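Here is the structure we will look at.
Sequential numbering from 1 along the given sequence is applied to the chain's residues. Note that this is a predicted model, so its numbers are computed, not measured.
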Amino acid sequence: MDKDSAVLKQPRPYAESPINRYEEKTPRYAWVIWIVTFLVSFAAPLGQFKLVNIPTYFIFIPGISPEGGFMLDGAGFGMLMTCVSLIGIVLAFPAAFICRKLGLRWTITVATLGVILGGLIPVLAGTNITALYVGRFIEGLGIGLVGVSAPTLITLWFPDKTRGVMLGLWCCWVPLSITLDALVTPSIAAAYGWQGVFWFVIIFAAVALILFNVFYKVPQGEGASYNVENNIGECLALLKNKNIWLLFVVFLVFIAGQTGIVNTYLPTFLQTPVDAGGYGYPEQTAALGLSLVTAISLVANPLGGAITNKLPLRFKRLMPVFVAISYVLCFYLMFQSGSSVLLWVGIVLMGICGGAGGGGLRPLAPTIMNQSAMAATMGMAVLQFAQCIGNCFSPIYGGLIDSGHSFLEACMFTIIPLSVVMLIAALFINPKPKDKPLSSVEENHQ
């Protein structure tokens, strides 16, 4: 065998993967794709969290809850959030194969139609609890499918040098949607009831879906091909990567804290009367507390993605390590009831930590799973699986509150010890190639 043939038969080094193009220029149309993809992605969490800032329509708080609501307890409200995620758990890995079969356009379209239909059902049914739960299950199509397909589309359009920032910006889909919900849903509900909030999301999702389908394109080239793996067995073999599962553990705990606790229960905690262990803030102030977390995350998300992108491979684990250590402090400060100053310090720190986790962890998936478009999609599916499981943490935390525990005690029993598990997993993440560091590999750019 001659020298040239031997070189051709060597495994493709990390730097030459079509998913990792280090010096290729970003196509101008990539920015159009990012905008429309972000808008249609944004509709899914906008629908998922539309309940959070108007909780008194769904959770019964004596003397506070308005008439015409659903009057559930804390665990029941948490289950409303979990319904959306249960479908996401079922769809996380099938979503990767759905993308391969239907293509990214139709996968994202089906996801957004789920958001629209899932909102319409309870609006038309009134205060029917069964219809509300059915609608929430259908809305799960949005998070379950778009959370895999949208970042994959962005990954295909942006080369590695800009991908971390753009995926970090895309990760603002959740905090920005929560911020918008916090700013507008209390006013809409005051004027039109909870139904007005549902209509707001339905209209937004419909407009975003139209724009997405008008401007959708996929790039040309090997990186965008879904035919790299010939069968399901080869696709599943991509998951034999311990690093993506360590990242799974980190992301699961991160979401359990961010979505399962903060995004779901922080406004409720802030509105809980002082004699019941809260702060007794009015609805608008409680919404401001959560919107501050998410507003800070809007800056921290792309910054986290940029930092992850700039870190050498052997140091990329520093981002999940930072998130794990920060969680212990954030939750202790944020849910204590002794000092309003420490409360707001915890809220600010949570915004920084939430952005670092959201924007800093997702770009690690295509860094670890870099062989092809399908590999990147499977990596995103692993994180989406973790996200949906983490979202299901809400009823567990709410159940502890219903049983008489304070909000801080519930944290001490759950998320704080889980953060130690997250730290251990983060320390072992190592996406560096085993043979030689990336900096010593001669790049062959395509």
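Heavy atoms only, all atoms of each residue included: Ser297 and Gly354 are closest at OG-C, 4.0 Å. Nearest heavy-atom pair across Gln271 and Ala286 is CG-CB, 3.5 Å. Residues Ala205 and Ile116 come closest through the heavy atom pair CB-CG1, 3.7 Å. Smallest separation of non-hydrogen atoms from Arg362 and Leu383: CA-CD1, 3.7 Å. Scanning both residues, Val262 and Leu290, for their nearest heavy atoms gives O-CD1, 3.9 Å. Closest non-hydrogen pair, Tyr397 versus Cys411, comes out as OH-SG, 3.5 Å.
Put simply, CZ on Phe331 and OG on Ser326 are 11.0 Å apart, with the number rounded to the nearest 0.5 Å. To the nearest 0.5 Å, atoms CG (Leu104) and CG (Leu156) are separated by 6.5 Å. Rounded to the nearest 0.5 Å, atoms CG (Leu117) and OG1 (Thr112) are 12.5 Å apart. To the nearest 0.5 Å, atoms CG (Leu247) and CD1 (Ile429) are separated by 5.0 Å. We find the CD-CG distance between Glu139 and Leu120 to be 10.0 Å, quoted to the nearest 0.5 Å. Expressed to the nearest 0.5 Å, how far CD1 of Ile347 lies from CD1 of Ile352 amounts to 12.5 Å.
Between Leu364 and Met319 there is no side-chain heavy-atom pair separated by less than 4.5 Å. Between Val250 and Val323 the shortest side-chain heavy-atom distance does not fall below 4.5 Å. Side-chain atoms of Phe269 and Phe335, non-hydrogen and from C-beta on, do get closer than 4.5 Å to each other. Annotation: side chain of Val146 is in contact with side chain of Trp173 (closest heavy-atom distance under 4.5 Å). Between Phe200 and Leu180 there is a side-chain heavy-atom pair separated by less than 4.5 Å. Using a 4.5 Å heavy-atom threshold, the side chains of Thr308 and Phe315 count as separate. Between Ile33 and Phe215 the shortest side-chain heavy-atom distance does not fall below 4.5 Å. At least one side-chain heavy atom of Leu51 sits less than 4.5 Å from a side-chain heavy atom of Phe198.
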Can you list the steps and then say if Gln258 with Asn263 is a side chain to side chain contact (heavy atoms under 4.5 Å, CB included)? CA-CA 6 Å; Gln258 177 75 51; Asn263 294 349; 3.2 Å; yes

With side chain to side chain contact (heavy atoms under 4.5 Å, CB included) as the test, would you mind laying out the steps for Tyr327 and Ile416 before giving the verdict? CA-CA 7 Å; Tyr327 252 34; Ile416 291 178; over 6 Å; no

Before you tell me yes or no, could you show the steps for Val382 and Leu239 under side chain to side chain contact (heavy atoms under 4.5 Å, CB included), namely the whole-Å CA-CA distance, both residues' side-chain angles and the distance that decides it to 0.1 Å? CA-CA 9 Å; Val382 170; Leu239 297 176; 3.7 Å; yes

Tell me, with the steps shown, if Trp157 and Thr37 meet side chain to side chain contact (heavy atoms under 4.5 Å, CB included). CA-CA 11 Å; Trp157 272 98; Thr37 302; over 6 Å; no

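More than 12 heavy-atom neighbours from other residues, nucleotides or ligands sit within 6.0 angstrom of OH on Tyr279. Sparse packing is recorded around CH2 of Trp106, with 12 or fewer heavy atoms of other residues, nucleotides or ligands lying under 6.0 Å away.
Aromatic rings from Tyr265 and Phe407 are positioned such that their centres are separated by 6.0 Å or more. Taking the six-membered ring for Trp and the full ring otherwise, Phe42 and Phe204 have centroids separated by under 6.0 Å.
The main-chain N or O of Ala425 is never found under 3.5 Å from a side-chain atom of Arg317 such that the two would form a donor-acceptor pair. Looking at Arg105, its side chain does come within 3.5 Å of a backbone N or O of Asn213 through a donor-acceptor pair. Between the side chain of Gln336 and the backbone N or O of Ser339, at least one donor-acceptor pair lies under 3.5 Å. Here the side chain of Asn243 pairs a donor or acceptor atom with the backbone of Asn430 at under 3.5 angstrom. With Ser291 contributing its side chain and Leu288 its backbone, the two residues share a donor-acceptor pair below 3.5 Å. Panel note: side chain Thr264, backbone Thr259; a donor-acceptor pair is recorded below 3.5 Å. Checking side-chain atoms of Trp34 against main-chain N and O of Met166 turns up a donor-acceptor pair under 3.5 Å.
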